[in-house]
Amino acid sequence: MAKYDPKAVEAKWRERWERDGTNKVDLDRAERPFYNLMMFPYPSAEGLHVGNVFAFVGSDIQGRYRRLLGYDVFEPLGFDAFGMHSENFALKRGRHPAEMVPENIAHFREDQLKRIGLMVDWSRQVDTTVPEYYRWTQWMFVTLMKNGFAYRDRGQVNWCPGCKTVLAKEQVIDELCERCSSKVEKREMEQWFFRTTAFKDELLDELDRMDWSERTKTAQRQWIGRSSGADVSFRIEGGPELRVFTTRPDTLFGATYMVVSPEHPVLDEITAPGREADLAEYRRRAASLSESDRQDEKREKTGVFTGAYAVNPVNSARIPVWAADYVLMGYGTGAIMAVPAHDSRDHEFARKFDLPIVQVVSAPPGAPDVREEAYAGEGKLMNSGSFDGLEAKSEGIPAVVEMLAREGKAEFKTMYRLRDWCVSRQRYWGPPIPVVYCEKCGAVPVPEKDLPVLLPYIEDFKPDGSGSSPLKRHAEFYNTSCPECGGPAVRETDVSDNFLCSAWYFYRYPSVEFGDRPFDAERTKKWLPVDLYVGGNEHAVLHLLYSRWLCKALNKAGFLDFSEPYRRFVAHGIIVKDGGKMSKSKGNIVNPDEYVGEYGADAFRVYLMFMGSYLEGGDFRDGGVKAMKGFLDRLVAACSPASGPLDPSPPAGAETLFWLNSTVKAVGHDIERFSYNTALARMMELVNHITKHKIRSREISSILARLVSPFAPHLAEELWESLGNAGSVFDSSWPAYDEDMIRRPEVEYVVQVNGRVRDKLTLAIGLAPEEIDAQVLASPTVMKWIEGKELVKKIYVPDKLINLVVK
RNA sequence: GCGAGAGUGGCGGAAUGGCAUACGCACUGGCCUUAGGAGCCAGCGGCCGCAAGGCUAUAGGGGUUCAAGUCCCCUCUCUCGCACCA
């Protein structure tokens, strides 16, 4: 090929791919299906972010590589365009999201995504905001409802008094409203919930067997937050039983007081006469505190004595009951037994209010006194009656619980942090929740034949402060008739959480043409679960957990025959600029279009993959893209017939064959482990080698075109064509390598004396130790170091190294 | 606080327990050029040395090993996740 002009080359191949349908795969005839999924973007008005490009290119490389290996690769992409982002941005611009979103999508796809050369079949694009899509999002809701996975309950929402609206959790930053910086309050409202807790154990246990990064798994484990312990009942003098959850029932003898959450209803029953005013005051103050204030660890503990006493079931000790906001109503039973000697929070509280601290687990010598600091480690029980001497956790826990269980005062219990998923959003820009409320029939799901419930185009989509969706103001939407009894009814006016749209989108891609079902059974059987899912770890919990959960629910309901949606998930890293996060305020946002325009998409792709680790993230430097353009220029110059005739016979030199074969091996291996930077470094070495030795080889050129094709697809196509090949390079195959060529007849032995490199000898491979010795001992350099010393030991590493140990 | 990951030249970063610093950037010198924000060649961790060579160096300290950036223990620093979760 002639002088490499990325602009012309890339435009040419963009058109060619589109014309020939190069990126399409026959979904029904594919014999070796490989579903290569990347997390679909939210099409922001700001345009594609360099982080998106980084993520997509890394995924695209896998898709293209797999295709060259002979797989039928399906690589779709779409747009996640419902939600707060779009709605708020439209509000800010004084425009309507229904107008802005299609514009943004068109810009993303036509001007940006198509330019970076992804192997995407755009005929299968998904857009979550079109009725053809959200009809099935609503179908998911209805299906979940019919199968007992959805229910209605009161729940807390974030309320912004400034904007007079409900905010999503993501819009609340440090307890302040993202838009007006007012302090966000909690409000109780009727909400729809999905029973994510129905599969809490499956969601947790299956993680152990999953091919995900440890980082991602840990995030999910923490979110589900399973902990095992016991429920213990304490009797309150003259009052009811008070149940607590504890992970350390072995420390019961050290429980010197109890604490209940200020929201706990039992307070109304147990507060002693004369204490009511203090309690009421404390509870009012606690209610007014924001969650972050309340959970601020640096904040001093507060609390108030209820005047009530409880009886410790193990030793009948009379212990006071306090109310304090360090105990949360939302976890466990909302009440705890406090063991200040062995829990740092209880310890802090006990010190502040001068409550007794009783040590019941022996600490190792040298540990601080429990009056100074709580001891949470291992040890033997003490001050615990007949349990003294037992190993606290391993022996004490079962012994204490079993004793109390016989009296019906305790049972083993497992606690979770995971909560059911609140899916109601009192906003406009989302799929209306497909439910009708009838006085006679209650909450009725909209029949499938009536889906979708269309989101009406309304001008006043701004939230008004009523706490309801703007849709509630529209009688023509709001008023309807009951699908069951035909009587007057009203529609649910909330829309569903954006995460519902994205929890199932990958089922839709292979089935987009089916207008009468969310996903086709045959297609799903063939293409799912997803073979490889690549995306950001910021979705480690919410999106990935919700989509796993939905898969299990659909499986239980009989719609899927598998229960995990992704065979493999790989989290890519985050790009920073000059060592820091990119942000508008720092003004260090990288605009991909500028680089693509100046150096070409291929150079930009190659730079993003070269600048650092794909899995850990990298540091974007301005000069880098240009340097990669230089590499591509050198590659073209070394490989192209236009820069001089290529030798048609295979390269002859053993050294060149070694480089060629070891590069092919290493590049494939590196792509498989997502080590793109080293794969590129290997290719650079090969290019350097053939440039330096002025090797002009058709075979090497053809191999290099294929090696670089996942990274620089346009350039690879051009090079491939210029070498006289018909058709796309992606319809060829990944080059093979010959292991024999990687084995050289002679290798450089490292000779160490006492572990330090003293000489290097070129020796034939496969030499016996005696033969090596003869050569090594003949070296004057080596002799200098062992002369006059006693040779104690010789270590041989075949074809690599010999270490002489001398004294 | 708990959990996960990381710390290597001026910079981005390489190294299945076996030659630390691959590859690239920046820099320095040279060639070519009317010119260079182009191209090519060479050098490039630190210290000593004309050189040959030697010593030293992977956050700090200890250990295992013939051999440690890599494995183990302690300390420090940074990033991410969870966080008054009993």
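Heavy atoms only: backbone and side chains are in, while hydrogens, waters and symmetry mates are out. Letters go in sequence order (proteins before strands), and every chain restarts at 1.
In this view, K760(A) and E748(A), V757(A) satisfy the side chain to side chain contact (heavy atoms under 4.5 Å, CB included) rule, not counting sequence neighbours. Residues passing the side chain to side chain contact (heavy atoms under 4.5 Å, CB included) test with L615(A), sequence neighbours excluded: V570(A), S613(A), F674(A). Under the side chain to side chain contact (heavy atoms under 4.5 Å, CB included) criterion, W421(A) pairs with F194(A), T196(A), V423(A), D497(A), F499(A), L500(A), Y546(A), W549(A), sequence neighbours left out. Qualifying ring pair (Phe, Tyr, Trp, His ring centres under 6.0 Å) partners for F305(A), counting only residues two or more places apart in sequence or in other chains: Y309(A), W322(A). Under the ring pair (Phe, Tyr, Trp, His ring centres under 6.0 Å) criterion, F610(A) pairs with no residue at all, not counting sequence neighbours. Qualifying ring pair (Phe, Tyr, Trp, His ring centres under 6.0 Å) partners for H49(A), counting only residues two or more places apart in sequence or in other chains: none.
To the nearest angstrom, P of rG39(B) lies 15 Å from CZ of F631(A). Across the protein-nucleic acid pair, M684(A) atom CE and rA22(B) atom P stand 14 Å apart, rounded to whole Å. Look at CZ on R634(A): it is 6 Å from P on rC25(B), rounded to the nearest Å. Here the C1' atom of nucleotide rG12(B) and the CG atom of L680(A) are 14 Å apart, to the nearest Å. In this structure, the CD atom of E538(A) is 17 Å from the C1' atom of rA4(B), given to the nearest Å.
Between rA22(B) and N688(A), no contact under 4.0 Å exists linking OP1 or OP2 to a side-chain N or O.
Comparing the C1' positions of rU75(B) and rG81(B) gives a spacing of 24 Å, expressed to the nearest Å. Taking atom P in both rU56(B) and rG69(B), the straight-line distance is 13 Å, to the nearest Å. Taking atom P on both rG46(B) and rC41(B), the two are 24 Å apart, rounded to the nearest angstrom. Remark: the separation of the P atoms in rU16(B) and rG1(B) is 34 Å, to the nearest Å. Of the C1' atoms belonging to rG29(B) and rC66(B), the separation is 43 Å, rounded to the nearest Å. rA4(B) and rA68(B) are spaced 24 Å apart, taking the C1' atom of each and rounding to whole Å. The same atom, P, is picked in rA59(B) and in rC11(B); the two are 13 Å apart, to the nearest Å. Comparing the same atom, C1', in rG39(B) and in rC78(B) gives a spacing of 42 Å after rounding to whole Å.
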Should K665(A) and E739(A) be marked as a salt bridge (charged side-chain N to carboxylate O under 4.0 Å, His left out) after you check the CA-CA gap, both sets of side-chain angles, and the distance that decides it?
CA-CA 9 Å; K665(A) 182 180 181 178; E739(A) 196 72 56; 3.1 Å; yes
How far apart are the C-alpha atoms of K794(A) and D773(A), what are their side-chain angles, what is the distance that settles it, and do they pass the salt bridge (charged side-chain N to carboxylate O under 4.0 Å, His left out) test?
CA-CA 9 Å; K794(A) 289 183 275 190; D773(A) 282 358; 2.6 Å; yes
Might you work through the side-chain hydrogen bond (donor to acceptor under 3.5 Å, both in side chains) test for Y416(A) and D201(A), ending with a clear yes or no?
CA-CA 9 Å; Y416(A) 299 83; D201(A) 285 312; 2.5 Å; yes
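In this structure, K794(A) reaches neither bases nor backbone, as no heavy-atom distance under 4.0 Å exists between it and the strands shown. As judged by a 4.0 angstrom heavy-atom cut-off over every strand, R419(A) is placed among residues making no nucleic acid contact. The residue S344(A) sits apart from the nucleic acid: no heavy atom pair falls under 4.0 Å. At a threshold of 4.0 angstrom between heavy atoms, the contacts of M415(A) with the nucleic acid are absent.
With its glycosidic angle more than 90° from 0, rG13(B) adopts the anti conformation.
Consecutive pairing runs in RNA chain B reach the stem threshold at B:1-7 with B:76-82, B:10-12 with B:23-25, B:27-31 with B:39-43, B:45-48 with B:53-56, B:59-63 with B:71-75, where a stem means at least three Watson-Crick or G-U wobble pairs with distances under 3.5 Å.
Figure legend: cation-pi geometry between K301(A) and F349(A) absent, as NZ or CZ is not positioned both under 6.0 Å from the six-membered ring centre and within 45° of its axis. For the pair R221(A) and W212(A), the cation-pi test (distance below 6.0 Å, angle within 45°) is failed.
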Nucleotides 45-55 of chain B: which of its N/O atoms have a protein N/O under 3.5 Å away?
{"from": "rC55(B)", "atom 1": "OP1", "to": "R758(A)", "atom 2": "NH2", "distance (Å)": "3.3"}
{"from": "rC55(B)", "atom 1": "OP2", "to": "R758(A)", "atom 2": "NH1", "distance (Å)": "3.1"}

What N/O pairs connect the protein and nucleotides 62-66 of chain B at under 3.5 Å? Give each pair on its own line.
{"from": "rC66(B)", "atom 1": "OP1", "to": "K793(A)", "atom 2": "NZ", "distance (Å)": "3.3"}
{"from": "rC66(B)", "atom 1": "O2'", "to": "N803(A)", "atom 2": "ND2", "distance (Å)": "3.3"}
{"from": "rC66(B)", "atom 1": "O2", "to": "N803(A)", "atom 2": "ND2", "distance (Å)": "2.6"}

Measure all distances between protein nitrogen or oxygen atoms and nitrogen or oxygen atoms of nucleotides 13-17 of chain B, and list the pairs falling under 3.5 Å.
{"from": "rG13(B)", "atom 1": "O3'", "to": "N677(A)", "atom 2": "ND2", "distance (Å)": "3.3"}
{"from": "rA14(B)", "atom 1": "OP1", "to": "N677(A)", "atom 2": "ND2", "distance (Å)": "3.3"}
{"from": "rA15(B)", "atom 1": "OP1", "to": "R673(A)", "atom 2": "NH2", "distance (Å)": "3.3"}
{"from": "rU16(B)", "atom 1": "O4", "to": "K800(A)", "atom 2": "NZ", "distance (Å)": "3.1"}

Identify each atom pair where a protein N or O and an N or O of nucleotides 78-82 of chain B are less than 3.5 Å apart, giving names and distance.
{"from": "rG81(B)", "atom 1": "O2'", "to": "Q222(A)", "atom 2": "NE2", "distance (Å)": "3.3"}
{"from": "rG81(B)", "atom 1": "N2", "to": "Q222(A)", "atom 2": "OE1", "distance (Å)": "2.7"}
{"from": "rG81(B)", "atom 1": "N3", "to": "Q222(A)", "atom 2": "NE2", "distance (Å)": "3.4"}
{"from": "rC82(B)", "atom 1": "O4'", "to": "Q222(A)", "atom 2": "NE2", "distance (Å)": "2.9"}
{"from": "rC82(B)", "atom 1": "O2'", "to": "R417(A)", "atom 2": "NH1", "distance (Å)": "2.7"}

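Put simply, the side chain of R756(A) does not reach to within 4.5 Å of the side chain of W785(A), judged on heavy atoms.
Comparing E598(A) and E616(A) by the nucleotide of RNA chain B whose heavy atom lies nearest to each, the residue mapping closer to the 5' end is E616(A). Comparing G624(A) and Y416(A) by the nucleotide of RNA chain B that holds the closest heavy atom to each, the one mapping nearer the 5' end is G624(A).
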Could you pull out all donor-acceptor pairs under 3.5 Å where a side-chain atom in residues 329-339 of chain A meets a protein atom, sequence neighbours excluded?
{"from": "Y331(A)", "atom 1": "OH", "to": "S227(A)", "atom 2": "OG", "distance (Å)": "3.1"}
{"from": "T333(A)", "atom 1": "OG1", "to": "R243(A)", "atom 2": "O", "distance (Å)": "2.7"}
{"from": "T333(A)", "atom 1": "OG1", "to": "A335(A)", "atom 2": "N", "distance (Å)": "3.4"}
{"from": "T333(A)", "atom 1": "OG1", "to": "A335(A)", "atom 2": "O", "distance (Å)": "3.3"}

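Ring geometry for F604(A) versus Y595(A): interplanar angle under 30°, hence parallel rather than tilted (30 to 60°).
The nucleotide whose nearest atom lies closest to any side-chain atom of R621(A) is, among rC19(B), rC11(B), rG37(B), rC11(B).
Atom CG in L804(A) sits 9.0 Å away from atom CD in Q752(A) (nearest 0.5 Å). In this structure, OG1 in T246(A) is found 7.0 Å from CG in L252(A), a value given to the nearest 0.5 Å.
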